[in-house]
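Please read the structure below before turning to the comments.
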Amino acid sequence: MANTAAPSEGGLQHSLQKRHLTMIAIGGVIGAGLFVGSGATIQAAGPAAFLTYAITGVLIVLVMRMLGEMAVANPSTGSFADYSRRALGDWAGFSVGWLYWYFWVIVVGFEAVAGGKLIQDWLPRAPLWLVALLLMLAMTATNLFSVRSYGEFEYWFASVKVAAIVAFLAAGTCYAFGLWPGKRMDFSNLTAHHGFMPHGPGAIFSSIVIVIFSMVGAEIATIAAAESKDPAKAISQATNSVIYRVAIFFVGSIFLIVVIVPWDSPELGTSPYVTAFKTMGIPAADHIMRFVVLTAVLSCLNSAMYTASRMLFVLAGRGEAPRSWLKVSNRGVPVQAILASSFVGFVCVILAYFFEHTVFLFLLNSSGAVILFVYLMIVVSQFILRRRTPEEKLIVKMWGFPVLTILTAIGIVAILVAMGFQDETRTQLWTSLLSWGVILLLFGVLRLTQRRQPQPEEPATR
């Protein structure tokens, strides 16, 4: 018999405030991938790179809208894992829960190492493994203290990221439109270096494979909202705000970069924002942005720890993870789930130090396409659950249903297919599929074990 018992969420405290959720929602999509990784996209697509971000952003917005529809109708800490279970069965909920946990727990180790490398720029003699482990300890302690402490840290981390982007948008707009001292309006970089699309229109779409991973994290707000006082309202606001976040922070800032700096500048490969600030003549731009990127890394590490632990908590409640992981402290924190996720993160840090190009690289690749699998399951779940949900519960509705839902699914599948044809992403696709296969195998073993266990006898009736 399928295990349909809901997880006990009564111990989790609803202590996240509106300002926490607002910043988690706003800052959730702004990671180191935007500040550093966007340079590779610009060099691949040319000045038209902002169109790549716009197209990818539309896809993310549609997925978030679908998630918002389901989450407002049925707020849950398990979020999309629960919706997949309701729509497709226990195998889907098990898959999504463990895949999402696996993705974020690998991110924990990766971001800890990335943060360690950034700090080494200031403290070159500090051992990388030690700095990374200290960062892990700090974020683990933050999550163990209370959900409010997680929200507070994320609020300030996100504030720094948002402030940096807003400052860049303001300065960059003044520079591009000739409002900067000694500068006249100039948009020639959009076409002066071999045209607007130097590698053809195909490069715009092929770069989506890279860009979509820099936008991951918007969905965390729907998980966090379940620990707020008004989950439905918080989820609705978080999902609706994705539109302007993507349009302003991603599309707007990338557009300004390609206007300010020639797309083929070799300096863009290291840090496009630093290059743009230096072009505008802003002093100490590299040190400022290094601090901002470190903040983005710590923000991602903090959120990854939170998200992974909440998924373990839900899986434990479903009987698909050790029941001990349901233990909640008097502060409303799932202690065992946090410690279990943190332990795997520590292992990843050690593997990254000793086996960076073998075991750790395999782990990174095997989680690379996982988030796309999760997004695809969200889309399929919304398509099915929309017809099962009473009209009065559909406070937030997916636009253009079912056409846009089907097109979104086709778009995600197209990205996965494209990954299979690109040399740099092919390994990620196949190893990620292997990860999914292993999880499905574990689900089969779990169900077989549960069926063989003796069922408790029904109490005698008089």
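Residue numbers run from 1 in the order of the sequence given.
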Of all heavy-atom pairs linking Met70 and Ser381, the shortest is SD-C, 4.0 Å

Whether over 12 other heavy atoms sit under 6.0 Å from Trp430 CH2 | no

If only atom types and distance count, is the side chain of Ser367 paired as donor or acceptor with the main-chain N or O of Phe103 below 3.5 Å?
-> no

So, does Glu69 use its side chain to make a donor-acceptor pair with the main chain of Met398 at under 3.5 Å?
-> yes

Could you tell me whether a side-chain N or O of Thr307 sits under 3.5 Å from a main-chain N or O of Ala304, the two making a donor and an acceptor?
-> no

Taking all heavy atoms of Val108 and all of Leu301, pick out the closest pair and write down the distance.
-> O-CD1, 3.4 Å

Determine whether more than 12 heavy atoms belonging to other residues, nucleotides or ligands lie under 6.0 Å from atom CZ of Phe196.
-> yes

Look only at the side chain of Thr52 and the backbone of Ile204, and say whether a donor-acceptor pair between them is shorter than 3.5 Å.
-> yes

Go through the steps to decide whether Leu88 and Met377 satisfy the test side chain to side chain contact (heavy atoms under 4.5 Å, CB included), and finish with yes or no.
-> CA-CA 9 Å; Leu88 298 166; Met377 296 291 274; 3.9 Å; yes

For the atom pair CG (Leu339) and CG (Asn143), what is the distance rounded to the nearest 0.5 Å?
-> 10.5 Å

What's the spacing between Lys327 NZ and Ile338 CD1 if we round to 0.5 Å?
-> 12.5 Å

Side chain to side chain contact (heavy atoms under 4.5 Å, CB included) between Ser84 and Ile378, worked out | CA-CA 7 Å; Ser84 295; Ile378 290 173; 5.7 Å; no

pair Phe249-Val162: side-chain heavy atoms closer than 4.5 Å = yes

Under 3.5 Å donor-acceptor, Arg85 side chain and Trp91 backbone | no

For residues Ser95 and Trp436, determine if any side-chain heavy atom of one lies less than 4.5 Å from a side-chain heavy atom of the other.
-> yes

Assess the side chains of Thr431 and Ser366: does a donor N or O sit below 3.5 Å from an acceptor N or O?
-> no

Heavy-atom side-chain contact between Ile165 and Phe35 under 4.5 Å | yes

Pairing of Arg318 and Asp90 as salt bridge, 4.0 angstrom limit = no

Residues at least two apart in sequence or cross-chain that pass ring pair (Phe, Tyr, Trp, His ring centres under 6.0 Å) with Tyr102, listed by chain then number, are none

Answer yes or no: are there more than 12 heavy-atom neighbours, outside Phe110 itself, under 6.0 Å from its atom CZ?
-> no

Scan for ring pair (Phe, Tyr, Trp, His ring centres under 6.0 Å) pairs involving residues 389-421, sequence neighbours excluded, and state none if there are none.
-> Phe383-Phe401

When rounded to the nearest 0.5 Å, the distance separating CG of Leu312 from OG of Ser341 is 4.0 Å

State, without any angle test, whether Thr41 and Ser207 hold a side-chain donor-acceptor pair at a distance under 3.5 Å.
-> no

Considering only heavy atoms from C-beta outward, does the side chain of Arg386 approach that of Met66 to under 4.5 Å?
-> no

Aromatic plane relationship, Trp263 with His199 - under 30° parallel, 30 to 60° tilted, over 60° perpendicular = perpendicular

Smallest heavy-atom separation, Cys348 atom then Ile106 atom, equals SG-CD1, 3.8 Å

Taking ring pair (Phe, Tyr, Trp, His ring centres under 6.0 Å) as the test, write out the residues that go with Trp325, two or more places apart.
-> none

Which is it for Ser149 and Thr142 under the side-chain hydrogen bond (donor to acceptor under 3.5 Å, both in side chains) test, yes or no, and what are the steps along the way?
-> CA-CA 6 Å; Ser149 66; Thr142 298; 5.8 Å; no

Determine whether the aromatic ring centres of Phe360 and Phe355 lie less than 6.0 Å apart.
-> no

Within a reach of under 6.0 Å around CZ of Phe346, are more than 12 heavy atoms found that belong to other residues, nucleotides or ligands?
-> yes

Pair Asn74-Asp82, side-chain donor/acceptor within less than 3.5 Å | no

Heavy-atom pair of closest approach, residues Ala48 and Met197 = CB-CG, 3.9 Å

Between atom CE of Met215 and atom CD1 of Ile208, what is the distance when rounded to the nearest 0.5 Å?
-> 9.5 Å

Search all heavy atoms of Val349 against all heavy atoms of Ala132 and return the closest pair with its distance.
-> CG1-CB, 3.7 Å

Test item: side-chain donor near acceptor, Lys161 and Ser299, under 3.5 Å | yes

Do Leu429 and Leu416 come close enough that some side-chain heavy atom pair is under 4.5 Å?
-> yes

Candidate pair Tyr273 and Ser253, rule side-chain hydrogen bond (donor to acceptor under 3.5 Å, both in side chains), full reasoning | CA-CA 9 Å; Tyr273 289 85; Ser253 64; 2.8 Å; yes

Shortest non-hydrogen contact from Tyr83 toward Leu385 = O-CD1, 3.6 Å

With a 4.5 Å limit on heavy-atom distance, are the side chains of Arg447 and Glu320 in contact?
-> yes

Kindly indicate whether the side chain of Ile212, heavy atoms from C-beta on, has any atom under 4.5 Å from the side chain of Ile371.
-> no

For atom CZ of Phe205, decide whether the heavy atoms of other residues, nucleotides or ligands shown that lie under 6.0 angstrom number more than 12.
-> no

For the rings on Phe80 and Tyr100, is their centre-to-centre separation under 6.0 Å?
-> yes

Working to the nearest 0.5 Å, report the span between CG of Leu315 and CG of Leu326.
-> 10.0 Å

State plainly whether the residues Lys117 and Glu356 are in salt-bridge range, i.e. N to O under 4.0 Å.
-> yes

Derivation and outcome, side chain to side chain contact (heavy atoms under 4.5 Å, CB included), residues Gln382 and Val63 | CA-CA 9 Å; Gln382 187 270 337; Val63 171; over 6 Å; no

Sub-4.5 Å side-chain heavy-atom contact between Tyr375 and Leu59 | no

Taking atom CG of Leu135 and atom CG of Leu298, what is their separation to the nearest 0.5 Å?
-> 5.5 Å

Val328 and Val333: side chain to side chain contact (heavy atoms under 4.5 Å, CB included), yes or no, with the steps?
-> CA-CA 5 Å; Val328 176; Val333 172; 5.6 Å; no

